[in-house]
Amino acid sequence: MTRHSAVVRSILGLSLLLGLALLPAALHAQAAQPPAKAGGQLVPIPIQLPKPMFEGTPQNLSVPNLQKPLGRPRDPFLAPAGVTNVAKGKKIASSDMEPVIGDLEQVTDADKKGADGSFVELGPGVQHVTVDLGAPQEVYAILLWHFHKTPRVYFDVVVQLADDADFKKNVRTIFNNDHDNTAGLGKGAEMNYVETAEGKLVDAKGAVARYVRLYSRGNNANELNHYVEVEVFGRPTK
Ligand SMILES: [Ca+2]
Ligand SMILES: [Ca+2]
């Protein structure tokens, strides 16, 4: 070995060691960052819940992979101050543009009551609704109610964000409980859950998107798909 290559080797060895030593610090620094680009104080998002139609959450539903009820109200969900429901009154597209009952506008009309007349009913099989937020938004949480008149479990619930209405550009799946890929959107690791007046909250982590799409494939009571309301808590991108 020449003197030169020995020097090169020791330099290489030293930089490798330095790199390894710095790696945990770098990872730690990344983990310590606040969520998204918050850059300010986090406050609870302004959720307004509808009146419950039944007490508690029944545990006798024969649905596999079912999430155990929390047994208390959900913890407040924190996001930057100024985050509101940017889906309110926004335009809805759907795989079923002629609902069996009701109108697509009911998905974002701010009526979250569980009674008849307050939900839209879509046909059987895999169906989706797509909310057009009108412009790109920083999305922190999606809150959705399929139905809460009686306790039900909706199957193959998948929530996606995208930059375009056709869901071809920058598609991100932020919730998926289709464990066996029945809906064809890929397998999901999330659990089935019972619908209640609290709705289902999906953490969107400040992702930027203009379109939000929600899939389902019927429920444990019938093959149809329903929506009482979909709320998207976000704020315009700067
Ligand atoms: Ca509604
Ligand atoms: Ca499935």
Side-chain angles (χ1 to χ4, degrees), residues 45-54 61-67 84-134 141-150 152-160 173-202 212-234:
I45 56 171
I47 293 175
Q48 288 185 320
L49 295 180
K51 199 165 148 261
M53 301 287 283
F54 55 88
L61 294 172
S62 57
V63 169
N65 195 28
L66 190 61
Q67 193 172 51
T84 60
N85 173 22
V86 292
K88 190 175 169 183
K90 292 295 195 308
K91 215 171 147 231
I92 301 295
S94 175
S95 51
D96 184 357
M97 290 303 281
E98 292 177 6
V100 184
I101 299 172
D103 297 302
L104 290 172
E105 297 89 82
Q106 288 178 275
V107 178
T108 50
D109 68 352
D111 173 10
K112 295 174 257 185
K113 290 195 291 292
D116 290 344
S118 289
F119 56 80
V120 58
E121 181 174 88
L122 308 177
V126 178
Q127 301 285 359
H128 66 75
V129 293
T130 302
V131 188
D132 178 358
L133 300 172
I142 316 270
L143 188 53
L144 66 134
W145 295 259
H146 286 110
F147 185 92
H148 65 93
K149 187 181 163 191
T150 55
R152 276 190 189 172
V153 178
Y154 282 75
F155 298 125
D156 301 339
V157 175
V158 179
V159 181
Q160 292 184 332
T173 300
I174 58 169
F175 183 89
N176 184 344
N177 67 11
D178 182 9
H179 73 283
D180 55 0
N181 195 23
T182 324
L185 299 157
K187 286 185 185 182
E190 266 96 12
M191 296 181 81
N192 286 316
Y193 63 91
V194 180
E195 297 277 338
T196 69
E198 263 201 326
K200 179 68 176 177
L201 192 146
V202 175
V212 180
R213 181 173 283 184
L214 305 97
Y215 291 86
S216 60
R217 186 184 56 86
N219 64 85
N220 67 318
N222 57 59
E223 294 184 327
L224 301 167
N225 297 278
H226 305 88
Y227 287 91
V228 165
E229 190 77 6
V230 173
E231 296 185 330
V232 177
F233 287 91

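Start at 1 and go down the list; that is how both ligands and their atoms are numbered.
With no hydrogens or angles considered, a side-chain donor-acceptor pair links T182 and D180 at under 3.5 Å.
For the atom pair OG1 (T150) and CD (E195), the distance works out to 10.0 Å, reported to the nearest 0.5 Å. Here the straight-line distance linking atom OH of Y215 with atom CG of D156 works out to 12.0 Å at 0.5 Å rounding.
Among the backbone and side-chain atoms of T182, an N/O/S atom is found under 3.0 Å from the Ca ion (ligand 2). Not a single N/O/S atom of S118, whether from backbone or side chain, sits less than 3.0 Å from the Ca ion (ligand 1). Among the atoms of V107, no N, O or S atom is found under 3.0 Å from the Ca ion (ligand 1).
Surrounding NZ of K91 are at most 12 heavy atoms belonging to other residues, nucleotides or ligands under 6.0 Å away.
The side-chain heavy atoms of L214 and V157, taken from C-beta on, include no pair separated by under 4.5 Å.
Atom O is the N/O/S atom of D111 found closest to the Ca ion (ligand 1). Counting just the N/O/S atoms of D178, the one with the shortest distance to the Ca ion (ligand 2) is named OD1. D109 contributes OD1 as its N, O or S atom closest to the Ca ion (ligand 1). Take the N/O/S atoms of E229: the one nearest the Ca ion (ligand 1) is OE1.
Geometry note: the Ca ion (ligand 2) is the vertex, D156 OD1 and D180 OD1 are the arms, and the angle is 160° (rounded to 10 degrees).
Because its NZ or CZ atom is not both nearer than 6.0 Å to the ring centre of F119 and within 45° of the ring axis, K149 does not count as a cation-pi partner of that residue.
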